[in-house]
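The structure under discussion appears below in the form of structure tokens.
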Amino acid sequence: MRHIRTKLTLAMSVVAALVLTFTGIALMLNITVDYRRDFYADVKPILQSGTLNADNAAAAFESEQLSDKNCYLFKDGNIVMSTSGGGSVKETDNLRSLLSGGECSETELTDGVLDYGIYLGDGCGVYVTDTKAGLYSQIRGLSWQLAQALALGILLAVLISWLLSSRLTRSIKTLEAGAMRMADGDFSPIRLDTRDEIGSLCSVLNRMGEQIQRDYDEFEREEERRREFVANVSHELKTPITVIKSYSQTLTGMDVDADTRKQFLEIIDGEADRMSGAVSQLLELSAQTRASTLPPEHIDLVSLCRSVADGLNSKGLDISISGEGVVERDPSRVRTIVTNIIGNAIKYTEQGGVDITVCGSVLKVRDSGIGISTDDIPHIFERFYRADKARGRGTGGTGLGLAIAKECADVIGARISVVSELSEYTEFTVEF
Ligand code: ADP
């Protein structure tokens, strides 16, 4: 039994049959109760009227109330007149009592026969039993009506379940088709206009589909970032290698004067430095992504900035440090963030100076350098992004410094933001 439609039809038919069976039983019980009540309502008034005697018994037997019953007139224990045509009668408690001149009582249908009698005196008695003809005909009539009702009920059950199941299976089929579509990778929502359990199952599936689609998109983006990263790393390392190779080939293959040789060797040295810097930064980036955090330490931001700035200020820029603030964080990551931001401020500033302000757990580094364009600002934290590619290479940048700083900030729960005006200033704010 594979189809919902068949199951529903069968279930409804069984329900219809059960309802009709119980109704039938109730009606049958009613009929038998009424039958017994009618029997005694017909018999007792006549038998107990006090006017009944052996002479008018025959007329009484033909009366409307007794005509459909078996009536007997007994004289000294023998049947002298009967309406059933038979000369014998089944012996019951009432009959025995009557024949011995006693009184009769009402019996139940379950006793086998309904009977009643009255002793008239002089060895005479009238005894009446039911023929069950009326009862049987009523039961037959009822059974026929029940059979018709059952047939109609089953027909209706089939019809209704057919209609219901058509609607139900239509929703299920839509759902099934949608789920199969999702299994094939199409996560567009399933359209189903029902508010029942199938409707809510549909919205659960749709939500699941949306989530999978989101995860899938994120996975694709991540994959794309990874590909881009690998391409960038390759490019980043290939460029200095190409430069080194071409200059070294020139040096070995050509006769060059001492000045040119020195110049070429300086270029080779610079490119080797750049390559080594890029590799160190890549290692640093991967370490920041994987390394566990160190236990937090009290860090005086002002002294940290001072030591970092002193170590990086090879240009002799005017660097001012003011304010005060202490943070309790992973010291290694805080130092990496501060180093990269102050390092950039010095790297990208030729004139003027750098103002470093500390206020509680907020650090601001503002330089009067070349600035960053509004188009570049959203990308500067991406790996290998250089606002101006030519400029980046010129200044020895790899485009990894801010990505490393951002990675560290994410790990320790800090936030880095930037505002800048091209050729005017750049201000980085770190909220630890
Ligand atoms: P890089 O090694 O190139 O400096 P970063 O990730 O540190 O890489 O910075 C990304 C880019 O953001 C830089 O190439 C530079 O163009 C820009 N940038 C970062 N800091 C500054 C700054 N203080 N002034 C101007 N430009 C900056």
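Treat the numbers as computed from the prediction; the structure is a model and nothing was measured.
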Stepwise, does the salt bridge (Lys or Arg N to Asp or Glu O under 4.0 Å) test hold for D93 with R96?
CA-CA 5 Å; D93 290 345; R96 268 192 295 278; 2.7 Å; yes
Pair R140, S143 - check side-chain contact (heavy atoms from CB on, under 4.5 Å), show working.
CA-CA 5 Å; R140 257 197 312 278; S143 304; 5.7 Å; no
Within the side chain of D111, is there an N or O that forms a donor-acceptor pair under 3.5 Å with the backbone of V113?
no
From the list Y40, Y35, Y116, side chain to side chain donor-acceptor pair (under 3.5 Å) partner of D130 resolves to Y35
Is the ring pair F381/F428 parallel, tilted or perpendicular, if the boundaries are 30 and 60 degrees? perpendicular
message = Between T129 and L114, does the side-chain contact (heavy atoms from CB on, under 4.5 Å) criterion hold? Intermediate values first, please.
response = CA-CA 6 Å; T129 67; L114 292 177; over 6 Å; no
What I want to find out is whether R227 reaches E224 closely enough, with some N-O distance under 4.0 Å, to be called a salt bridge.
yes
Determine, for F432 and R329, whether the Lys NZ or Arg CZ falls below 6.0 Å from the six-membered ring centre while staying within 45 degrees of the axis.
no
With V126 as partner, the option from Y72, F61, F74 fulfilling side-chain contact (heavy atoms from CB on, under 4.5 Å) is F61
### Query
Does D193 CG have over 12 foreign heavy atoms under 6.0 Å away?
no
Q: Could you go through the side-chain contact (heavy atoms from CB on, under 4.5 Å) check for V430 and V362 one step at a time?
A: CA-CA 6 Å; V430 188; V362 179; over 6 Å; no
Kindly say whether D410 contributes a backbone atom to a donor-acceptor pair with the side chain of R333 at under 3.5 angstrom?
-> no
**Report entry** Charged N-O contact under 4.0 Å between E106 and R36
**Finding:** yes
* Asked: So, S307 versus R335: side-chain donor-acceptor pair below 3.5 Å or not?
  -> yes
task: Return yes if a side-chain donor-acceptor contact under 3.5 Å exists between R181 and S188, otherwise no.
output: yes
Can you tell me if N340 uses its side chain to pair, donor with acceptor, with the backbone of T336 under 3.5 Å? yes
Output for pair (D367 CG, T426 OG1), nearest 0.5 Å, gives 4.5 Å
side-chain contact (heavy atoms from CB on, under 4.5 Å) with R383: of K406, E407, Q281, only one passes, and it is E407
Check your understanding: With no hydrogens and no angle check, do the side chains of Y127 and D115 hold a donor and an acceptor under 3.5 Å apart?
Key -> yes
### Message
Under 3.5 Å, is there a donor on one side chain and an acceptor on the other for E210 and N206?
### Response
no
**Test item: K69 side-chain N/O and K132 main-chain N/O as donor-acceptor pair under 3.5 Å** = no
Output for pair (L168 CG, D196 CG), nearest 0.5 Å, gives 7.5 Å
Taken to the nearest 0.5 Å, the spacing of C202 SG from R207 CZ works out to 11.0 Å
Problem set entry | N/O donor-acceptor pair under 3.5 Å between N53 side chain and D55 backbone | yes
Check your understanding: For atom CD of E197, is the number of surrounding heavy atoms from other residues, nucleotides or ligands below 6.0 Å larger than 12?
Key -> no
Is the count of non-hydrogen atoms from other residues, nucleotides or ligands lying under 6.0 Å from E220 atom CD greater than 12?
yes
- Item | R37/D34 salt bridge by N-O under 4.0 Å criterion | yes
- Query: What do you reckon, is NZ of K75 surrounded by more than 12 foreign heavy atoms closer than 6.0 Å?
  - Reply: yes
Which donor-acceptor pairs under 3.5 Å do the side chains of residues 170-180 make with protein atoms, sequence neighbours left out?
residue, atom, partner, partner atom, Å
S171, OG, R167, O, 3.2
T174, OG1, R170, O, 2.8

Inset, instruction - Applying side-chain contact (heavy atoms from CB on, under 4.5 Å), run through I31 and L135 and close with a yes or a no. - result: CA-CA 8 Å; I31 286 174; L135 180 66; 3.6 Å; yes
Can you tell me if S373 and D375 form a side-chain donor-acceptor pair at under 3.5 Å? no
